[in-house]
Asker: 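Quick one: the structure is below, questions incoming.
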2 protein chains.
Amino acid sequence: MSLPHALLTSLVEKPSSGYELARRFDKSIGYFWHATHQQIYRELARMEGQGWVASSAVDGGRAGKREFVVLPAGRDELRRWAATASEPMELRDELMLRLRADAALGPLGLAEEFERRLDLHRQKLQAYRAIESRDFSAPHLPREAQLRYLILKAGIQFEEGRILWTQDALATLRAGGD
Amino acid sequence: MSLPHALLTSLVEKPSSGYELARRFDKSIGYFWHATHQQIYRELARMEGQGWVASSAVDGGRAGKREFVVLPAGRDELRRWAATASEPMELRDELMLRLRADAALGPLGLAEEFERRLDLHRQKLQAYRAIESRDFSAPHLPREAQLRYLILKAGIQFEEGRILWTQDALATLRAGGD
DNA sequence: CCACCCATGTAACTAGTTACATGATTTC
DNA sequence: GAAATCATGTAACTAGTTACATGGGTGG
């Protein structure tokens with residue numbers, strides 16, 4: 001279970017409300033770890049119960065707004081978790097299943113969907129490239145920025161690979177017979 | 001929900017028992033779509049209820065062994081589903097969270113885990129390469145084989161990319177400061 | 001006769017998604 | 001004063017995982 005640790009990291013970076021975290025999980029962090037606001041609120045409540053974070057009303061904030069900060073126990077937990085091993089992500093793309101269905105049943109007209117995917121991958125790559133030139137184009141990056149850049153580079157590499165692969169697939173799908 | 005369609009495809013390729021499907025989902029198909037035997041049995045029961053597949057006792061098989069075949073309604077469903085759009089797979093690797101935690105808290109000694117990952121990626125690539133030379137080294141592949149090869153190539157590309165990325169990450173982690 | 005593989009399932013749990021619900025504040 | 005955004009949550013559901021359970025057949 002990694003969501004609590006994703007939240008801890010995000011809160012170490014900057015104490016925030018559930019709402020703010022939800023927005024961050026739709027943007028920067030969301031590029032490699034997605035979560036909805038419902039999940040986030042539920043998890044924050046659990047984490048508070050465990051003494052990993054504490055919340056307080058925000059001066060000058062809206063009614064009901066609560067800001068969460070990481071407690072020492074939360075930092076300890078994050079450090080402990082970061083040192084544990086984890087399994088590499090699984091490849092799990094429905095498009096592969098569709099390709100295999102096409103192979104089993106005969107041509108099903110998948111080219112259109114591959115075109116759509118190609119577009120999506122290009123858009124995502126463009127978004128990543130924009131972040132790259134905005135945040136990581138300085139000649140000497142501090143360690144912290146280098147690590148965050150590494151995460152982005154994993155995304156860039158993935159999208160670039162998928163673009164090439166999708167083009168290969170389109171050529172095969174359109175080549176007709178054998 | 002894609003598991004039923006993965007099972008339909010697998011059963012179109014070859015009528016099988018739940019046990020045989022479970023083994024296939026640990027090998028070839030499992031490389032891009034994993035499922036446990038519990039999930040498979042549950043799903044087969046549902047699919048039979050919907051009239052997509054039918055089961056019968058196997059002559060000369062063990063007691064209780066049932067073989068599933070795809071019914072016309074199941075083929076129709078598979079064809080219908082294959083033509084629908086789907087979202088690209090999500091990047092969701094715990095290692096990225098750990099990198100970000102390291103960036104937020106300071107060096108946590110992740111290099112060891114990256115070494116381990118590097119090994120795993122190399123092993124997986126080797127396994128893929130073995131399948132490649134066993135099944136797809138003929139000069140002219142029929143359409144069906146070309147499509148199945150495409151799926152494998154997506155896996156090969158992913159592992160190769162990750163190997164390069166992990167080496168980059170190790171260099172950064174070991175470079176010490178900025 | 002013991003261990004391993006074949007072959008089936010149930011039950012309980014965890015993580016994630018979708019739908020619903022409410023109310024305050026800011027902006028046009 | 002209406003619409004958009006801020007800000008919080010509950011409830012029901014789906015998919016996937018882990019633990020448990022049973023029994024027949026085969027090979028050493």
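Letters A, B, ... mirror the listed sequences (proteins, then strands); counts begin at 1.
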Asker: Both B/R42 and B/R92 contact DNA chain C. Taking the nearest nucleotide for each, which residue is further toward the 5' end?
Answerer: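 Closer to the 5' end of DNA chain C: B/R42.
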Asker: Under a criterion of less than 4.0 angstrom to any heavy atom of chain B, what are the 5'-terminal and 3'-terminal contacting nucleotides of DNA chain C?
Answerer: C/dC6 to C/dG16
Asker: Tell me every residue that passes salt bridge (charged side-chain N to carboxylate O under 4.0 Å, His left out) with B/R117, counting only those two or more places apart in sequence or in another chain.
Answerer: B/D93, B/E113
Asker: Assign each of A/A63 and A/Q39 to its nearest nucleotide of DNA chain C by heavy atoms, then name whichever residue's nucleotide is nearer the 5' end.
Answerer: A/Q39
Asker: B/R129: which residues meet the side chain to side chain contact (heavy atoms under 4.5 Å, CB included) condition with it, sequence neighbours left out?
Answerer: B/L125, B/E132, B/I156, B/E160
Asker: For the residue pair A/E67 and A/P15, what are the closest heavy atoms and their distance?
Answerer: OE1-O, 3.8 Å
Asker: Among A/R100, A/E94, A/R92, which residue satisfies the side chain to side chain contact (heavy atoms under 4.5 Å, CB included) criterion with B/F32?
Answerer: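 The residue from A/R100, A/E94, A/R92 that satisfies side chain to side chain contact (heavy atoms under 4.5 Å, CB included) with B/F32 turns out to be A/R100.
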Asker: Between the main-chain N or O of A/L141 and the side-chain N or O of A/Q146, is there a donor-acceptor pair closer than 3.5 Å?
Answerer: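 Confirmed, A/Q146 side chain pairs with A/L141 backbone.
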Asker: Quickly, which of A/S55, A/S16, A/S17 forms a side-chain hydrogen bond (donor to acceptor under 3.5 Å, both in side chains) with A/R66? Name it, please.
Answerer: A/S55
Asker: Over its full length, what angle do the end axes of the helix from C/dC1-D/dG28 to C/dC28-D/dG1 make, each axis taken from five pairs and the result rounded to 10 degrees?
Answerer: 20°
Asker: Is there any ring pair (Phe, Tyr, Trp, His ring centres under 6.0 Å) pair reaching into residues 101-134 of chain B, and which pairs are they, with sequence neighbours excluded?
Answerer: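 Output for this query lists B/Y31-B/Y128, B/F114-B/W165.
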Asker: To the closest 0.5 Å, what do you measure between CG (B/D168) and CG (B/L173)?
Answerer: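 Nearest 0.5 Å value for the CG-CG distance: 9.5 Å.
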Asker: For B/T84, does its backbone N or O pair with a side-chain atom of A/R98 as donor and acceptor, under 3.5 Å?
Answerer: yes
Asker: Detail all sub-3.5 Å separations between protein N/O atoms and N/O atoms belonging to nucleotides 1-5 of chain D.
Answerer:
none

Asker: Side chain of B/T9, backbone of B/H5: donor and acceptor closer than 3.5 Å?
Answerer: yes
